[in-house]
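Let me begin by presenting the structure, written as structure tokens, before commenting on it.
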Amino acid sequence: MAAPRYKKLVDALASDIRTGRLAPGVRLPTHRALAAREGIAVVTATRVYAELETMGLVSGEQGRGTFVRDITIPAGHGIDQQAVAPDTADLSFNYPSLPGQADLLRQALREVATSGDLDSLLRYQPHRGRPQDRASIARHLGRRGITADADQVLIANGAQHGLAITIMATLSAGDVVAVDALTYPGFKVLAHAFHLDLEPVPTTADGPDLDALEKLCATRPVRAIYTMPTLHNPLGWVMPATDRIRLIGIARQYGPLIIEDASYAYLVEDPPPPLAATAPDITVYVSGLSKSIATGLRVGFVLAPPPAVPSLERTIRATTWNTPALTTAIACRWLDDGTVNHLEAQKRDDAKARQALVRQELVGLPFIGHPSSYFTWLPLPDDARADRLTATLARRHVAVTTAEPFTTSTHTPQAIRLALGSTDLDSLRSALRTVRRAAVEDAYA
């Protein structure tokens, strides 16, 4: 059976893109112009471009047109962690570490090995964690300004698992979730996997546009609000206390659950109170120790309103049974003896030093970033192409991320995110200089 004519057009355009006959960044004809050129209906031309976009070969931008993607950049870059060559500075993912962390682990393993508790760590644990470990986390949350009952704490395999079990326990396929127009890619992955309807909320310099959020809640059945009020990823803002109060008021008026992601909150000194401190009855607070201690230590935690705890516990049982007791025991020892506080203070200083490099090396460019965060957002001019700049940087041995993985709206801004925590300071300085040169040549020329 012969393929439909439009399929042959899809195949021809795909071949031109893959072979380089259509170069990255080229603007393709409008839907109407393509239809006229090929003698097809406009709706068929739209279908052609839709299939090419699904294949990751083009990107449609509202008000600007359809552009050929640079297919040397994986479509999932920024969501799926890509391996980088040894000679490449990785500014695409954050895995910050500090000198001496390995020694801390060796010492902790020796202490656990000589403790009388070792045999119990080899057995199945309570699904939501041992009572003494949940109490350690509750005390830790108290230092963050949250009065937490250990019975409301559940231990997860990292904050990403904490977000997953929160979605599985509290939401259903098709539920509407309000998210920032630029948000954490890991939440987008979960939303796609569980078939949630993400509604983007425009952002301001200080946080989500609360007028737009209120209008959304008034017009659609929003079941949850996903937010990062303290150190937003990727934009780095910290929501003011007054805006937090208003967001809580909107949630109380219209009924959505608040999902507060605090993975990077430890980097901000003296932030406004967490949403979970002010509205514990309608907020699920998710965080972990991967960013503040080590990414390989997969210990996360969820603080939930009491009615949600049983469902969350069942979901942990269904997905992983329990967090490995050995890593949890080490993490909770470090929470109790002050090691976590010490490491967090060191990482705040480290992040400040890295942001200082950004301010030195990218001076004159319109970068956005909190002065103690591990990432920087670099908007590009409207006529620039982030995927082209990303490909240029890859050829110069610097890996960065475009805005695509972070975008929840139909318009993907031309911008790149720089993760600052995965290289030494000298390598970071060199990489930032490469970014500046490439941006000036490619985007700001």
Side-chain angles (χ1 to χ4, degrees), residues 17 20 22-30 33 49 53 56-75 77-78 89 91-92 180-183 185 200-207 209 232-237 355 357-371 373 375-420 428-445:
I17 293 169
L22 283 173
V26 166
R27 189 198 305 263
L28 296 175
T30 65
Y49 282 160
E53 188 161 11
L57 299 177
V58 304
S59 61
E61 299 178 18
Q62 191 172 18
R64 297 189 65 211
T66 302
F67 295 83
V68 176
R69 284 182 53 89
D70 191 321
I71 58 175
T72 63
I73 305 301
H77 197 61
L91 306 190
S92 64
D180 299 319
L182 291 166
T183 196
V201 177
T203 59
T204 70
D206 296 321
D209 181 335
H232 181 272
N233 179 14
L235 297 177
W237 41 252
Q355 285 289 343
L357 283 182
V358 171
R359 281 150 178 75
Q360 293 170 18
E361 302 300 337
L362 300 189
V363 63
L365 297 183
F367 60 85
I368 299 168
H370 189 276
S373 77
F375 37 83
T376 293
W377 188 254
L378 180 60
L380 304 176
D382 288 341
D383 59 350
R385 299 290 308 167
D387 55 352
R388 185 172 62 198
L389 175 59
T390 303
T392 298
L393 289 169
R395 290 191 293 271
R396 299 182 186 182
H397 307 289
V398 176
V400 300
T401 310
T402 69
E404 185 175 350
F406 301 90
T407 303
T408 59
S409 65
T410 55
H411 171 66
T412 301
Q414 297 303 317
I416 59 174
R417 192 197 75 155
L418 309 175
L420 310 177
L428 177 60
R429 183 187 294 277
S430 176
L432 290 172
R433 289 176 177 174
T434 301
V435 169
R436 178 181 178 77
R437 285 193 298 269
V440 170
E441 295 167 6
D442 197 84
Y444 291 94

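Arg385 places no side-chain N or O within 3.5 Å of a backbone atom of Asp442 that could act as its donor or acceptor partner. Without hydrogens or angle criteria, Gln414 side chain to Ala386 main chain gives a donor-acceptor distance under 3.5 Å. A donor-acceptor contact shorter than 3.5 Å links the side chain of Gln355 to the backbone of Ser373.
Counting all heavy atoms, side chain and backbone alike, Trp237 lies closest to Asp206 at CE3-O, 3.7 Å. Nearest heavy atoms, Ala439 versus Leu365: CB-CD1, 4.4 Å. Minimum interatomic distance between Ala403 and Trp377 (heavy atoms only, all atoms of both residues): CB-CH2, 3.5 Å. What you find for Val435 and Leu393 is that their closest heavy atoms are CA-CD2, 3.7 Å. Among all heavy-atom pairs drawn from Pro202 and Ala181, the shortest one is CA-CB, 4.3 Å. Nearest heavy atom pair, residue Asp387 against residue Val68, reads OD2-O, 4.0 Å.
Put simply, the side chain of Phe406 does not reach to within 4.5 Å of the side chain of Leu235, judged on heavy atoms. Annotation: side chain of Leu22 is in contact with side chain of Leu28 (closest heavy-atom distance under 4.5 Å). Taking 4.5 Å as the limit, some side-chain heavy atom of Leu418 sits within range of a side-chain heavy atom of Leu432. Two residues are said to be in side-chain contact when any heavy atoms from C-beta on lie closer than 4.5 Å; Leu378 and Pro366 meet this criterion.
Pairs of residues two or more places apart, or lying in two chains, never qualify as salt bridge (Lys or Arg N to Asp or Glu O under 4.0 Å) while including a residue from residues 408-417.
A distance of 7.0 Å separates OG1 in Thr408 from CG in Leu182, rounded to the nearest 0.5 Å. Once rounded to the nearest 0.5 Å, the distance linking NE2 of His232 with OG1 of Thr183 reads 5.0 Å. Summarising the geometry, atom CG belonging to Leu91 is positioned 6.5 Å from atom CG belonging to Leu428; distances are rounded to the nearest 0.5 Å. Taking OG1 of Thr376 as the reference point, atom CG of Leu420 lies at 4.5 Å (rounded to 0.5 Å).
Under the side-chain hydrogen bond (donor to acceptor under 3.5 Å, both in side chains) criterion, Arg396 pairs with Glu441, sequence neighbours left out.
For the residue pair Thr392 and Arg395, a side-chain donor N or O sits within less than 3.5 Å of a side-chain acceptor on the partner.
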